[in-house]
Amino acid sequence: MRKFFNQLSLMLVASVIFAACSNDKVELGKPVVGSGEAYANFANYWQYYSNHLKFYKNFEAFDTDARQMPADSFMAKYSTGKYAVYKYIARDTVVQYKLEKLKPDVEENIINQLRAQAFTDYRSYQKKGKPLVGFNYVDLDGKSYTPENTRGKFVIMKFWFVGCVPCVQEMPELNEIVAKNKNRNDILFLSIALDPEPNLRKFLAKTKFDYKTVGNKKDYVADTLLINQFPTHLVIGKDGNVMGVCSWVRELKDMLGGTGVRI
């Protein structure tokens, strides 16, 4: 935890330096539809968040005074849970996010959800552009996967557990993606499950899931990767670095757009 707050402090210092050194002022575009009512109630907040806040994609970041800031520093501030985020669209459909101090009349359930989500989003964002920690797996068939033997491939990963209803519900759609890319040698579909291997074998004997599956990773997922929402999808690019992290199949498809992976 001390390491996290040290990183947070460095990000906030970087924000000040960035503002002082930047000569080119970038203007905010127009707010997306629904921004004015985004934090009026929980239903509005969750719809706005789900539809518009995609931190796995590239974006321009702005502080509360509408001044551009580094995306890393933006995410660090957002992670404190004290800020609302609003989406703007600028020239050539560039996505912009702007911080606003949470208003005192925002519902408590929104505040609680925002704090939890902001912390998770920041942890996911920190993985981008870096090798995945602890990437050394053996699947249920005894095949091993490492950064060395997967270099030059897209590694499309799903983190889940048997008792997660949304995790199971999305499997048919994921199987469709696997089928569309069945002749590709440069794509690996890999699932990392929390459950012990015997439980997984029993489940997979009745439920079709075409990802290669690694079991018994509860401690690794929670303590090393700090993933606490399920399902979670993560994509590693051909360079061996994480491209992005997201929650739902529709976001996974969005993230894979332009990569050549058939979705």
Side-chain angles (χ1 to χ4, degrees), residues 7 11 49-61 70-76 78-79 85 87 92-97 117-137 139 145-160 167 170 173-182 184-193 210-214 217 220-221 224-263:
Q7 290 175 332
M11 295 298 183
Y49 174 87
S50 300
N51 291 341
H52 295 300
L53 304 188
K54 313 294 181 184
F55 299 113
Y56 54 82
K57 304 184 76 170
N58 293 329
F59 61 90
E60 293 178 348
D72 288 352
S73 302
F74 174 96
M75 292 301 296
Y78 168 57
S79 74
V85 175
K87 180 180 177 181
D92 299 325
T93 67
V94 171
V95 172
Q96 300 173 324
Y97 293 134
Q117 201 64 51
F119 185 82
T120 296
D121 288 340
Y122 184 49
R123 285 299 192 189
S124 295
Y125 180 83
Q126 287 181 306
K127 294 178 174 67
K128 286 183 62 177
K130 303 172 186 175
L132 183 64
V133 177
F135 183 14
N136 191 339
Y137 312 128
D139 70 16
Y145 305 94
T146 67
E148 290 73 28
N149 67 23
T150 58
R151 183 63 63 110
K153 297 184 178 183
F154 289 111
V155 184
I156 301 171
M157 304 177 70
K158 170 187 168 85
F159 297 85
W160 66 290
C167 299
E170 69 177 9
E173 192 170 359
L174 293 173
N175 288 341
E176 291 177 4
I177 299 175
V178 176
K180 290 178 181 178
N181 296 278
K182 63 182 180 181
R184 295 279 297 269
N185 295 321
D186 61 338
I187 303 173
L188 169 66
F189 294 92
L190 190 62
S191 87
I192 309 299
D210 294 330
Y211 278 46
K212 302 296 183 182
T213 297
V214 177
K217 288 296 182 181
Y220 165 70
V221 170
T224 301
L225 297 184
L226 303 174
I227 291 174
N228 59 5
Q229 291 185 346
F230 303 94
T232 286
H233 299 276
L234 182 149
V235 178
I236 297 175
K238 291 187 175 184
D239 62 355
N241 294 324
V242 175
M243 288 175 50
V245 184
C246 63
S247 296
W248 307 107
V249 179
R250 66 178 182 274
E251 295 175 334
L252 174 63
K253 290 179 176 180
D254 185 32
M255 188 159 51
L256 292 173
T259 64
V261 177
R262 297 186 63 187
I263 53 177

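- Counting heavy atoms from C-beta on, the side chains of H233 and I156 never come closer than 4.5 Å.
- Separating the CD atom in Q229 from the CH2 atom in W248 is a distance of 8.5 Å, to the nearest 0.5 Å.
- Environment of CZ in R184: crowded, with over 12 heavy atoms of neighbouring residues, nucleotides or ligands closer than 6.0 Å.
- Atom CG of N136 and atom CD of E148 lie 8.0 Å apart (nearest 0.5 Å).
- Ring pair Y125/Y78: centre-to-centre distance not below 6.0 Å.
- The heavy-atom pair separating A71 from A61 by the smallest distance is CA-CB, 4.0 Å.
- Between the side chain of K54 and the main chain of S50, a donor-acceptor pair closer than 3.5 Å is present.
- Atom CG of D239 has more than 12 neighbouring heavy atoms from other residues, nucleotides or ligands inside a 6.0 Å radius.
- When side chains are defined from C-beta on, T150 counts as touching F135, because their heavy atoms get closer than 4.5 Å.
- Closest of all the heavy-atom pairs between W160 and T213 is CZ2-CG2, 4.4 Å.
- A 4.5 Å side-chain heavy-atom check between L252 and M255 finds at least one atom pair inside the cut-off.
- Between atom CG of residue L256 and atom CE of residue M243 there is a gap of 6.5 Å, rounded to the nearest 0.5 Å.
- Under the 4.5 Å side-chain criterion, counting only non-hydrogen atoms from C-beta, F189 is in contact with I177.
- Contact between L225 and K127 at its shortest, heavy atoms only, is O-NZ, 2.8 Å.
- Proximity of V85 to H52: side-chain heavy atoms (C-beta onward) are nowhere separated by under 4.5 Å.
- Residues K253 and V249 form a side-chain contact, since some pair of their non-hydrogen atoms from C-beta on lies under 4.5 Å apart.
- Looking only at side-chain heavy atoms (C-beta outward), K212 and Y137 stay at 4.5 Å or farther from each other.
- The minimum heavy-atom distance between Y220 and V133, with the atom names listed, is OH-O, 2.6 Å.
- Of all heavy-atom pairs spanning D139 and V214, the tightest one is CA-CG2, 3.9 Å.
- Annotation for K158 and Y211: closest pair CB-CE2, 3.9 Å, computed over non-hydrogen atoms.
- With a 4.5 Å cut-off on side-chain heavy atoms, F159 and L234 count as touching.
- For NZ of K128, the number of neighbouring non-hydrogen atoms (other residues, nucleotides, ligands) closer than 6.0 Å is greater than 12.
- The distance from the NZ atom of K238 to the CZ atom of F154 is 5.0 Å, given to the nearest 0.5 Å.
- Within 6.0 Å of atom CG in N58, 12 or fewer heavy atoms from other residues, nucleotides or ligands are found, so the atom counts as exposed in its surroundings.
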**OP:** Start with the C-alpha distance between R123 and V245, add both sets of side-chain angles, then the distance that settles side chain to side chain contact (heavy atoms under 4.5 Å, CB included), and finish with yes or no.
**Re:** CA-CA 10 Å; R123 285 299 192 189; V245 184; over 6 Å; no

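- Put simply, CD1 on I187 and NZ on K182 are 13.5 Å apart, with the number rounded to the nearest 0.5 Å.
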**OP:** Test Y49 against Q117 for side chain to side chain donor-acceptor pair (under 3.5 Å), laying out the working first.
**Re:** CA-CA 10 Å; Y49 174 87; Q117 201 64 51; 3.0 Å; yes

